[in-house]
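Got a structure here, written out as structure tokens. Questions coming.
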Amino acid sequence: MTTTATAPRALAPFVNEPVSAFSKPEEQAAAQAALAKVRAELGRDYPLWIAGAAHKTGDLLTSVNPSKPSEIVGKHHKADAARAARAIEDAHAFFPEYSRTPAEKRVEMAARVAAIIRERKLELDAWLVLEAGKTWPEADADVSEAIDFCEYYARQMQKMAVPEKPVQMPGERDEMIYLPLGAGVIIPPWNFPLAIMAGMSVAALVTGNTIVLKPSSETPTIAAKFAEVLAAAGFPARSYNLCTGSGSVVGDVLVEHPKTRFVSFTGSRDVGLRINELAAKPRKGQIWIKRVVAEMGGKDAIIVDREADLDSAVTGVVQSAYGYQGQKCSACSRAIVDQAVYDEFLTKLQAKVATLTVGAPEDSKNYMGPVISKSAHKSILEYIDVGKKEGRLLSGGTGTPPSDGYFIQPTVIADVDSKARIFQEEIFGPVLAVTKARDFEHAMQLANDSEYGLTGAVYTKNADKIRQARENFFVGNLYINRKCTGAMVGAHPFGGFNMSGTDSKAGGPDYLLMFLQAKSIAEKI
Ligand code: NAP
């Protein structure tokens with residue numbers, strides 16, 4: 001099961017995939033044509049993919065368009081506990097064979113995944129518009145990021161295949177090589193349903209592991225499309241499994257199974273902690289400690305200092321708080337503003353929020369689409385009710401009846417205390433809490449007053465305050481004088497501190513190590 005026999009042929013240097021803004025008439029026409037093509041496929045049913053074969057169970061999960069819940073996007077055969085166990089057992093059985101695939105071949109397949117996604121970009125954008133409620137630019141950013149992950153990890157695997165030589169002891173030939181771990185479970189969220197799923201899956205496969213992918217129940221159609229791409233890219237039929245099904249039914253089976261070697265999870269804090277706990281307990285027949293990589297929630301803050309460019313700060317806060325309806329782990333949900341500019345900031349913020357348009361994202365005039373589901377819609381509106389008591393409602397505060405689509409107006413609640421629930425709890429919707437700080441030091445204390453530590457931003461022109469933020473703002477991804485969303489693969493390795501997760505830094509040079517183990521070999525010469 002060696003991964004490192006030959007050094008793969010070098011690929012061209014990594015560059016990020018360009019993202020389309022869909023501002024030109026020809027781009028919009030192409031987008032509408034892709035949408036029409038995808039609409040013609042709506043409502044199809046999709047099998048599971050387990051142990052190298054398609055399976056139909058007849059127990060269907062229905063995925064709907066969150067802008068129009070009566071529109072069925074796809075119907076998906078759901079795995080039960082027995083099929084989930086079969087998936088991990090077969091991934092384990094096929095691992096010794098797959099792990100012997102030369103690194104060069106795995107790198108080629110990963111790069112081919114990127115190429116196929118690029119060819120199918122507009123079509124995949126359209127699936128994200130319809131199934132995840134993304135606007136066209138947000139959908140294109142998601143698909144572009146998926147391409148970036150594949151391209152980047154292909155190049156990183158080339159480096160891992162030729163590791164740096166350790167110190168050479170006299171009279172010995174010393175080396176250290178990287179081996180894959182085994183059969184792993186990949187559990188992505190719905191909010192970057194292609195990018196995060198593709199990133200975690202391809203990182204595991206390119207390093208020589210076999211996988212069982214359990215997609216989010218909100219976005220199973222995109223997962224089914226991705227499984228098609230893996231097959232078309234040449235990944236062997238038994239190297240990956242698509243195990244659609246409810247997290248509560250198949251999740252525990254996959255996590256607890258003694259043949260599961262690792263779990264790569266991105267999602268909420270509560271589910272991540274549960275997985276971490278279940279995976280820690282060894283089961284009968286298990287001979288390893290399972291490795292868990294869990295990337296979880298955020299309660300991300302932007303500090304607006306009295307020495308900031310206020311217009312640029314307002315733009316950054318609005319983009320970070322309301323892009324994809326605030327449903328990004330990196331979304332700004334707390335604006336912490338120096339008292340000297342607090343009132344002026346609120347006036348400018350309210351004016352800017354009033355310009356945001358909400359409606360079906362397939363119409364490129366809308367800046368915001370729906371939230372993902374009926375239950376998210378309900379939970380966010382409940383948080384808004386809490387927020388109205390905890391602070392002063394400045395903008396928004398309402399939603400449509402869920403039967404008309406899961407839309408919620410961009411909401412600003414001002415004068416929020418740091419002990420308030422809407423300051424502390426992840427809402428995961430278009431709700432921004434604004435809090436007044438006495439000065440920069442106080443703003444920093446407020447920003448760090450959170451169990452999370454994912455992203456954060458500071459707007460200030462003062463170099464000393466920038467230095468303080470670099471030293472003391474306790475987040476995995478810090479941004480200065482720019483928005484706190486929009487991490488780019490390669491430039492901004494992504495992952496958070498504390499309850500935001502294990503800080504695995506997706507899209508960074510260390511990420512593939514999460515899927516590898518190092519072996520040291522010393523030979524007497
Ligand atoms: P979630 O509810 O935790 O679900 C994430 C995944 O876990 C889904 O595939 C879900 O499947 C599965 N799951 C649920 N229960 C499970 C169980 N008992 N065992 C195994 N798997 C289980 O999160 P989400 O609503 O999809 O995503 C939003 C959350 O993700 C937010 O908290 C956000 O901050 C976080 N997030 C973090 C990052 C990051 O990089 N830190 C990035 C993106 C999102 P079902 O759909 O079938 O329940």
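FYI, side chains are in, hydrogens and waters are out, and symmetry mates aren't considered; it's all heavy atoms of this structure. As the structure lists them, so they are numbered: ligands from 1, and atoms in each ligand from 1.
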Open item on the list: Heavy atoms only, cut-off 4.0 Å: how does Ile275 contact ligand 1, side chain, backbone, both, or neither?
Closed with: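 Under 4.0 Å from ligand 1, Ile275 contributes side-chain atoms alone.
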Open item on the list: I want to check a possible cation-pi pair here: Arg44 against Tyr46, using under 6.0 Å from ring centre and within 45° of the ring axis as the test.
Closed with: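 Here Arg44 passes the 6.0 Å and 45° test against Tyr46.
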Open item on the list: Within the 4.0 Å heavy-atom shell around Ser246, which atoms of ligand 1 are there?
Closed with: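 Listed by number with element: 47 (O).
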Open item on the list: Regarding ligand 1, does Glu426 bring an N or O atom to under 3.5 Å of one of the ligand's N or O atoms?
Closed with: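 Among all N and O atoms of Glu426, at least one is under 3.5 Å from an N or O of ligand 1.
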TODO: Identify, with sequence neighbours excluded, every residue that meets salt bridge (charged side-chain N to carboxylate O under 4.0 Å, His left out) alongside Asp270.
DONE: none
Task: Residue pairs, two or more places apart or on separate chains, that pass side chain to side chain donor-acceptor pair (under 3.5 Å) and touch residues 243-259 - done: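 Of all non-adjacent pairs touching residues 243-259, those that pass side chain to side chain donor-acceptor pair (under 3.5 Å) are Glu89-His257, Ser246-Ser248, Asp252-Arg274.
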- [ ] Could you tell me the residue and atom name of the protein heavy atom closest to atom 12 (C) of ligand 1, and the distance to it rounded to 0.1 Å?
- [x]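 Minimum-distance protein heavy atom for atom 12 (C) of ligand 1 reads Ile187 CG2, 3.5 Å.
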Open item on the list: Students should be able to answer this: which protein heavy-atom is nearest to atom 18 (N) of ligand 1, and at what distance?
Closed with: Asp252 OD1, 3.3 Å
- [ ] Examine Phe265 against ligand 1 and note whether any of their N/O atoms are separated by less than 3.5 Å.
- [x] no
Open item on the list: I need the nearest protein heavy-atom contact for atom 28 (C) of ligand 1: residue, atom name and distance, please.
Closed with: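 Answer, as residue, atom name and distance: Phe428 CE2, 3.6 Å.
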Task: Backbone of Asp449 reached by a side-chain donor or acceptor of Gln424 within 3.5 Å - done: yes
TODO: Determine whether Asn65 and Tyr406 make a side-chain contact, defined as any pair of heavy atoms from C-beta on separated by less than 4.5 Å.
DONE: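 Heavy-atom side-chain distance check fails, nothing below 4.5 Å.
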TODO: Using the ring of Phe192 (Phe, Tyr or Trp, six-membered ring only), decide whether Lys134 places NZ or CZ under 6.0 Å from its centre and within 45 degrees of its axis.
DONE: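 Yes, a cation-pi geometry holds between Lys134 and Phe192.
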Task: Heavy-atom side-chain proximity of Ile413 to Leu432 below 4.5 angstrom - done: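 Contact flag for Ile413/Leu432 side chains = no.
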Task: ligand 1 to Glu218 polar contact by distance, N or O atoms, under 3.5 Å - done: no
Task: Pro215 and ligand 1 - part of the residue with a heavy-atom distance under 4.0 Å - done: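 The part of Pro215 near ligand 1 is the backbone, not the side chain.
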TODO: For atom 44 (C) of ligand 1, grab the closest protein heavy atom and report residue, atom and distance to one decimal in Å.
DONE: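 Looking at atom 44 (C) of ligand 1, the protein heavy atom closest to it is Asn191 OD1, 3.3 Å.
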Open item on the list: Quick test: of every protein heavy atom, which one is nearest to atom 8 (C) of ligand 1, and how far off is it to 0.1 Å?
Closed with: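 Looking only at protein heavy atoms, the one closest to atom 8 (C) of ligand 1 is Pro188 O, 3.4 Å.
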Task: Contact atoms of ligand 1, heavy-atom distance to Ile196 under 4.0 Å - done: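 Selected atoms, number and element: 42 (C), 43 (C).
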Task: Polar side-chain atom of Arg238 near backbone of Asn241 as donor-acceptor pair, under 3.5 Å - done: no
- [ ] List every atom of ligand 1 that sits less than 4.0 Å from any heavy atom of Thr266, numbering the atoms from 1 in the order shown and giving each element.
- [x]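 Near Thr266, meaning under 4.0 Å from one of its heavy atoms, ligand 1 has 5 (C), 37 (C), 38 (C), 39 (C), 40 (O), 42 (C), 43 (C).
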- [ ] Describe, in one word, how the ring planes of Trp136 and Phe22 are oriented to each other, choosing from parallel (under 30°), tilted (30 to 60°) and perpendicular (over 60°).
- [x]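 Trp136 vs Phe22 ring planes: tilted.
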Open item on the list: Looking at ligand 1, is there an atom of it that comes within less than 4.0 Å of some heavy atom belonging to Gly501?
Closed with: no
Open item on the list: Give me the residue, atom name and distance of the protein heavy atom closest to atom 3 (O) of ligand 1.
Closed with: Ser268 OG, 2.6 Å
Task: Atoms in ligand 1 flagged as close to Leu454, the criterion being non-hydrogen separation under 4.0 Å - done: 41 (N)
- [ ] Using only heavy-atom distances, determine whether the side chains of Lys121 and Ser144 contain a donor-acceptor pair under 3.5 Å.
- [x]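 Per modelled atom types, Lys121 and Ser144 side chains form a pair under 3.5 Å.
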Open item on the list: When you measure from the side chain of Thr210 to the backbone of Ala91, do you find a donor-acceptor pair of N or O atoms at a distance under 3.5 Å?
Closed with: yes
Task: Short N or O distance, Trp190 and ligand 1, threshold 3.5 Å exclusive - done: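 Yes; the residue has a nitrogen or oxygen that sits under 3.5 Å from a nitrogen or oxygen of the ligand.
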- [ ] Specify the protein heavy atom at minimum distance from atom 41 (N) of ligand 1: its residue, its atom name, and the distance to 0.1 Å.
- [x] Met296 O, 2.7 Å
Task: Top protein contact for atom 48 (O) of ligand 1, by heavy-atom distance - done: Gly247 N, 3.8 Å
Open item on the list: Protein heavy atoms near atom 24 (P) of ligand 1, is at least one of them under 4.0 angstrom away?
Closed with: yes
TODO: Mark yes or no for whether Thr400, through its side chain, and Phe407, through its backbone, hold a donor-acceptor pair below 3.5 Å.
DONE: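 Between the backbone of Phe407 and the side chain of Thr400 there is a qualifying donor-acceptor contact (under 3.5 Å).
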Open item on the list: Can you name the atoms of ligand 1, numbered from 1 with element, that are less than 4.0 Å from a heavy atom of Gly251?
Closed with: 19 (N), 20 (C)
Task: Where ligand 1 meets Arg274 - atom numbers and elements under 4.0 angstrom, heavy-atom basis - done: 18 (N)
- [ ] Could you tell me if any non-hydrogen atom of Gly245 lies under 4.0 Å from any atom of ligand 1?
- [x] yes
TODO: Indicate yes or no: at least one non-hydrogen side-chain atom of Ile408 is less than 4.5 angstrom from one of His377.
DONE: yes
- [ ] Can you label the angle between the Phe94 ring and the Tyr98 ring as parallel, tilted or perpendicular, going by 30° and 60°?
- [x] parallel
Open item on the list: With a heavy-atom distance limit of 4.0 Å, tell me whether Lys328 approaches ligand 1 through its side chain, its backbone, both, or neither.
Closed with: neither
